Asker: 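Structure provided below as structure tokens; questions to follow.
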Amino acid sequence: MSAILSRISVISLVTVLLCSQFATASAVRQTKGDFEDKFRQLDEVLPTPNIYRNAAGEPGQQYWQQQVNYQMDVTLDEAKRRLSAKQQIQYKNNSPYTLKYLWLHLDQNIFKNDSMAEMSTDFGGVGRRGPATSIGEGDITARLSLEELRRQQFMADNELGFQINNVKNSKGKTLAATVVGTLMRIDLDTPLKPGQSMEFSLDFAFNIVEEDAVSARSGYEHFPDDANEGGNDIFLLAQWFPRLVAYTDYEAWTNKEFLGRGEFTLEFGDYDVKLTVPADHIVSATGELQNSSKVLTKQQIARLEQAKTAKRPVFVVTEEEALENEKAGTNDSKTWHFKADNVRDFAWASSRKFMWDAKGYQQGGKEQPLVMAMSFYPKEGGDLWKKYSTESVVHTMEVYSRFSFDYPYPVAQSVNGPVGGMEYPMITFNGPRTKLQDDGSRTYSQAEKRFLIGVVIHEIGHIYFPMVVNSDERQWTWMDEGLNSFLDGVAGREWDPTIPWGVEPRDIVDYMKSDVQVPIMTQSDSVLRLGPNAYTKPAAALNILREVILGRELFDFAFKEYAQRWKFKRPTPSDFFRTMEEASGVDLDWFWRGWFYSTDHVDISLDRVYQLRMDTKDPDIDFARERQQELDKPTSLFVERNKAAGKVLWIDKNKDITDFYDENDRFTVTNKERNAYNKFLADLEPWERTAFERAVKEDKNYYVLQFSNLGGLVMPILLQLHYTDGSVEDQMIPAEIWRRSPKAVNKMIVTAKDKVLKEVVVDPKWETADVDIENNYYPRRIIPSRVEAYKSDKSKAKVSRDIMQDSKTKLKDPAEKTDEKLKEGN
């Protein structure tokens with residue numbers, strides 16, 4: 001390794017890092033007045049601990065949360081694609097405050113043309129929709145996608161949003177209700193004091209959106225009106241009823257407008273819901289089915305019982321039964337009755353297309369020893385869903401329970417429909433399907449297989465976070481998406497590590513060095529790029545925290561402590577940060593500050609390596625070594641060329657003229673130096689002489705490595721040391737090395753005399769999300785890449801229209817064009 005060779009004396013051994021010869025030439029060297037404390041404590045940022053949330057990150061002695069119970073009778077009008085319902089709500093005020101009014105979410109109002117979400121949408125799209133429009137270059141021509149036109153037309157042609165009537169208290173008295181966008185305030189006729197409960201009721205209805213048209217979190221999907229499909233629908237119903245806004249100790253009413261991106265935080269409660277649907281529909285819902293004998297056949301009930309102990313999923317509703325349902329159609333209806341205890345929301349799905357499989361997950365424990373993992377999907381799901389959906393549900397529970405708590409509910413469901421991936425208590429909506437081929441078979445790509453397994457793991461994982469650990473998604477998306485993405489990466493890699501799960505540190509590098517970042521702690525609706533900000537970056541950060549900084553044992557203990565502390569409660573970021581530190585015993589304020597509160601990135605550069613050897617102080621040894629070092633230097637080019645030309649030196653032509661210095665040079669040792677050496681030894685204390693003579697005898701290598709922090713984010717320095725004998729050694733320098741000098745540091749590494757460094761690599765396994773791996777090598781490596789030869793395609797260049805020639809073109813019959821496409825397809 002071309003390290004810079006130098007010598008180190010015993011006097012300067014402990015102070016060498018202060019010497020100017022080892023000061024880095026990097027521009028990021030600390031200067032007077034620009035010091036930034038990367039390890040400053042978070043106390044000034046986090047809320048002050050109180051009786052509701054203590055300094056350890058636990059629920060405080062007087063922690064409280066509200067209780068809201070719902071009873072609903074719902075009717076699905078399939079023909080009109082309209083839902084209507086009667087709702088009774090019981091609200092218990094567990095807070096220490098008196099409430100004069102209640103706030104409710106009206107999420108369906110987001111589809112109104114005058115909603116804040118719609119009115120504030122910029123030309124590039126917002127919310128769950130990707131950019132539907134764009135501006136071209138040059139003449140600034142606007143482009144409008146057909147998908148966007150479809151969305152606008154659907155919203156113009158349909159009356160959307162809630163219709164709410166008969167808001168009354170338990171005595172039948174009308175309560176004043178004021179709608180504010182996607183929220184509604186109900187004024188109480190009598191203030192609700194601490195510890196008191198009240199009941200009220202209302203009627204509501206709305207037209208269900210077509211999910212494919214508006215790209216929502218729920219809605220219906222209509223299949224083609226042909227002999228194969230019969231024009232059937234799948235209905236996914238979520239955010240479908242007026243729901244109480246959470247009232248919290250940290251924000252009071254969390255009544256932020258729903259803009260489409262930031263989801264929600266809700267109160268826990270018990271649900272009693274009756275769903276009246278066409279008689280040939282199969283229904284999946286939050287909770288346990290209460291009247292199976294009225295909606296299922298005896299054979300289907302027996303299959304469900306069999307599934308409890310089956311090794312593989314058992315069909316409760318077979319594919320053949322689902323196909324018969326699709327063909328028949330009916331004007332009759334059935335009412336499915338579900339109950340769910342201690343959930344924060346309720347969602348459901350209904351279709352005559354559904355087949356239904358189930359498998360019991362025997363998790364043991366006292367709380368919920370048996371969980372029924374179930375999947376609902378149409379024939380379009382094919383073998384992809386038959387093989388992998390329910391098995392993925394079970395795998396998720398097995399892994400997540402290790403990191404948190406036993407799955408607390410009786411069912412866990414995966415439902416196929418138009419929504420690509422969404423989660424609610426006990427039920428998830430997942431999108432991938434098979435493709436019907438000309439020979440009647442159904443196939444799926446490797447990407448679709450991976451997508452299904454990944455989305456099921458992710459969405460079922462959400463039942464833990466945030467459906468049980470009830471974080472506020474509208475405020476802090478990362479608290480459910482980031483934590484869940486970290487865990488779905490754990491579960492996914494335990495399923496198949498060759499699938500790219502997108503949670504490795506390397507997966508976030510491009511985002512971290514981009515100019516479109518905002519801190520992770522940004523409110524959900526203000527995040528510029530939600531995917532990398534709320535999912536990938538926090539997941540990668542937690543991966544680094546587990547694998548690099550804390551280690552698995554400390555991390556897993558602390559993370560599980562957090563999950564169990566806040567099970568069925570409402571944590572905030574400070575509760576997570578404090579619990580992880582308190583339970584691990586490690587100060588992580590620098591980590592939270594850098595990764596969650598800043599847009600700094602990791603870029604640690606290894607600038608120089610100095611190889612130092614110990615001076616013996618013995619002039620007969622040290623002077624001889626210095627003479628040899630002088631001789632080893634390259635000869636002057638001038639001198640070489642004179643010699644080659646046969647030039648005779650003056651001193652060679654006049655050898656009779658000599659003096660003392662022709663026999664002695666500046667490296668000649670005199671007794672004066674020997675006396676000084678002997679005096680130096682004599683003046684040493686016994687312990688000093690022992691340490692010095694041992695160091696001279698051992699003659700170790702002292703390497704000083706110079707690092708600069710170009711990205712601003714302090715991190716541990718992971719080193720891989722390669723030696724000339726072929727051996728390799730890994731070392732980790734803790735992040736605390738940057739504490740007093742966050743821009744540049746030096747680190748000494750001492751090796752045995754025969755252990756000579758050949759190469760040093762920083763972060764060789766890409767474990768810290770370092771954005772520039774090329775400055776991690778010393779000596780610098782040749783950057784590997786590829787070059788491709790190509791021929792310029794001039795036909796793709798923009799040319800003007802030749803109208804004279806184009807006017808000769810014959811007009812084709814559109815039907816003929818369709819026939820040509822069919823031929824191409826065959």
Side-chain angles (χ1 to χ4, degrees), residues 1-25 606-636 639 659-707 717 719-729 731 733 737 744-760 778-779:
M1 181 180 68
S2 56
I4 299 173
L5 183 64
S6 186
R7 303 299 294 184
I8 184 169
S9 72
V10 68
I11 302 301
S12 62
L13 181 59
V14 296
T15 59
V16 66
L17 298 186
L18 301 178
C19 296
S20 60
Q21 71 174 29
F22 299 113
T24 178
L606 176 54
D607 298 324
R608 287 182 177 81
V609 178
Y610 290 89
Q611 181 184 14
L612 312 178
R613 299 288 292 277
M614 178 66 68
D615 275 336
T616 69
K617 305 292 287 185
D618 184 339
D620 289 301
I621 297 175
D622 290 348
F623 279 32
R625 185 197 67 251
E626 290 176 17
R627 177 184 285 115
Q628 187 59 49
Q629 288 177 346
E630 187 72 19
L631 294 173
D632 290 341
K633 292 180 179 179
T635 306
S636 162
V639 173
D659 67 1
F660 176 82
Y661 292 106
D662 287 309
E663 300 296 330
N664 299 276
D665 59 15
R666 61 191 177 93
F667 301 114
T668 298
V669 180
T670 69
N671 288 334
K672 181 178 180 180
E673 284 80 31
R674 296 187 178 99
N675 290 336
Y677 169 61
N678 292 330
K679 184 177 185 306
F680 163 73
L681 293 178
D683 289 345
L684 291 177
E685 296 288 341
W687 69 266
E688 292 176 323
R689 183 160 184 168
T690 299
F692 172 68
E693 289 179 343
R694 175 178 171 179
V696 170
K697 182 179 179 180
E698 292 177 341
D699 194 18
K700 292 185 175 181
N701 295 296
Y702 299 87
Y703 293 99
V704 177
L705 282 61
Q706 291 190 337
F707 302 95
I717 304 174
L719 295 179
Q720 190 173 80
L721 309 174
H722 295 254
Y723 296 99
T724 54
D725 63 4
S727 62
V728 178
E729 178 186 357
Q731 287 191 17
I733 304 172
I737 193 173
V745 293
N746 300 313
K747 180 65 179 177
M748 177 179 283
I749 294 176
V750 183
T751 70
K753 179 180 180 179
D754 58 349
K755 209 71 173 173
V756 179
L757 268 179
K758 177 184 178 183
E759 180 186 25
V760 181
Y778 197 94

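As the structure is a computational prediction, the values presented were derived from the model and not from experiment.
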Asker: With sequence neighbours left out, write down each residue that passes side-chain hydrogen bond (donor to acceptor under 3.5 Å, both in side chains) with Asn675, or none if nothing qualifies.
Answerer: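 With sequence neighbours excluded, Asn675 shows a side-chain hydrogen bond (donor to acceptor under 3.5 Å, both in side chains) to no residue whatsoever.
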Asker: Quick one: pull up NE2 in His722 and CD in Glu759 and give me the separation to the nearest 0.5 Å.
Answerer: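 His722 atom NE2 to Glu759 atom CD measures 5.0 Å (nearest 0.5 Å).
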Asker: Please name the pair of heavy atoms, one in Ile737 and one in Val745, separated by the smallest distance, quoted to 0.1 Å.
Answerer: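 Heavy atoms only, the tightest pair is O-CG1, 3.5 Å.
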Asker: Taking the side chain as every heavy atom from C-beta outward, state whether Leu681 and Lys617 have any atom pair closer than 4.5 Å.
Answerer: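 No, side chains not in contact.
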Asker: Under the rule for side-chain hydrogen bond (donor to acceptor under 3.5 Å, both in side chains), what residues qualify as partners of Asp659, not counting sequence neighbours?
Answerer: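 side-chain hydrogen bond (donor to acceptor under 3.5 Å, both in side chains) check on Asp659 returns nothing, list empty.
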Asker: Are any of the side-chain heavy atoms of Tyr677 and Asp622 separated by less than 4.5 Å?
Answerer: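 Tyr677 does not reach Asp622 side chain to side chain.
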Asker: My understanding is that only one of Leu757, Val756, Val704 makes a side-chain contact (heavy atoms from CB on, under 4.5 Å) with Gln611; could you say which?
Answerer: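 Testing Gln611 for a side-chain contact (heavy atoms from CB on, under 4.5 Å) against Leu757, Val756, Val704 leaves exactly one candidate, Val756.
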Asker: Could you work out, with salt bridge (Lys or Arg N to Asp or Glu O under 4.0 Å) as the rule, every residue matching Asp665, not counting sequence neighbours?
Answerer: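 Partners of Asp665 by the salt bridge (Lys or Arg N to Asp or Glu O under 4.0 Å) criterion, ordered by chain and then number, come out as Arg627.
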Asker: Please test Tyr703 against Tyr778 for ring-ring contact (aromatic ring centres under 6.0 Å, His included), starting from the C-alpha separation and ending with a verdict.
Answerer: CA-CA 13 Å; Tyr703 293 99; Tyr778 197 94; over 10 Å; no
Asker: Checking Tyr723 now: which residues fulfil side-chain hydrogen bond (donor to acceptor under 3.5 Å, both in side chains) with it, not counting sequence neighbours?
Answerer: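 Scan of Tyr723 (side-chain hydrogen bond (donor to acceptor under 3.5 Å, both in side chains), adjacent residues dropped) gives Glu729.
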Asker: With side chain to side chain contact (heavy atoms under 4.5 Å, CB included) as the test, would you mind laying out the steps for Thr668 and Glu663 before giving the verdict?
Answerer: CA-CA 9 Å; Thr668 298; Glu663 300 296 330; over 6 Å; no
Asker: Grab the two heavy atoms, one from Ile733 and one from Lys747, that are nearest each other, plus how far apart they are.
Answerer: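 Closest heavy-atom pair between Ile733 and Lys747: CD1-CG, 3.5 Å.
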Asker: Apply salt bridge (Lys or Arg N to Asp or Glu O under 4.0 Å) to Lys672 and list each qualifying residue two or more places apart in sequence or on a separate chain.
Answerer: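 Listed in chain order: nothing, the list is empty.
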Asker: Excluding sequence neighbours, so at least two apart, what forms side-chain contact (heavy atoms from CB on, under 4.5 Å) with Ile621?
Answerer: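 Scan of Ile621 (side-chain contact (heavy atoms from CB on, under 4.5 Å), adjacent residues dropped) gives Thr616, Asp618.
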Asker: Suppose we screen for side-chain contact (heavy atoms from CB on, under 4.5 Å). Which residues come up paired with Asp632, at least two apart in sequence or across chains?
Answerer: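 Asp632 satisfies side-chain contact (heavy atoms from CB on, under 4.5 Å) with Gln628 once adjacent residues are dropped.
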Asker: Is there a side-chain contact between Gln731 and Leu721, using heavy atoms and a 4.5 Å cut-off?
Answerer: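 When only atoms from C-beta onward are counted, Leu721 and Gln731 do touch, with a gap below 4.5 Å.
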Asker: Given side chains that start at C-beta, do those of Arg613 and Asn701 come closer than 4.5 Å, heavy atoms only?
Answerer: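 Arg613 vs Asn701: side chains touch.
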Asker: I need the Leu606 CG to Ile717 CD1 distance, nearest 0.5 Å.
Answerer: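 If I round to the nearest 0.5 Å, the distance is 9.0 Å.
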Asker: What's the separation between atom CG in Leu684 and atom NZ in Lys679, rounded to the nearest 0.5 Å?
Answerer: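 The distance works out to 10.5 Å.
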Asker: Working to the nearest 0.5 Å, report the span between CG of Asp699 and NZ of Lys753.
Answerer: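 Here the rounded value is 5.0 Å.
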Asker: Identify, with sequence neighbours excluded, every residue that meets salt bridge (Lys or Arg N to Asp or Glu O under 4.0 Å) alongside Glu630.
Answerer: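 Lys633, Arg666.
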Asker: State which residues pass side-chain hydrogen bond (donor to acceptor under 3.5 Å, both in side chains) with Thr690; sequence neighbours excluded, sorted by chain then number.
Answerer: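 Applying side-chain hydrogen bond (donor to acceptor under 3.5 Å, both in side chains) to Thr690 gives none.
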Asker: With sequence neighbours excluded, tell me which residues meet side-chain contact (heavy atoms from CB on, under 4.5 Å) with Ala752.
Answerer: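 Ala752: side-chain contact (heavy atoms from CB on, under 4.5 Å) contacts with Asp754, Lys755.
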Asker: Among all residues two or more places apart in sequence or in another chain, which pass the side-chain contact (heavy atoms from CB on, under 4.5 Å) test with Val750?
Answerer: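 Val750 satisfies side-chain contact (heavy atoms from CB on, under 4.5 Å) with Lys700, Tyr702, Met748 once adjacent residues are dropped.
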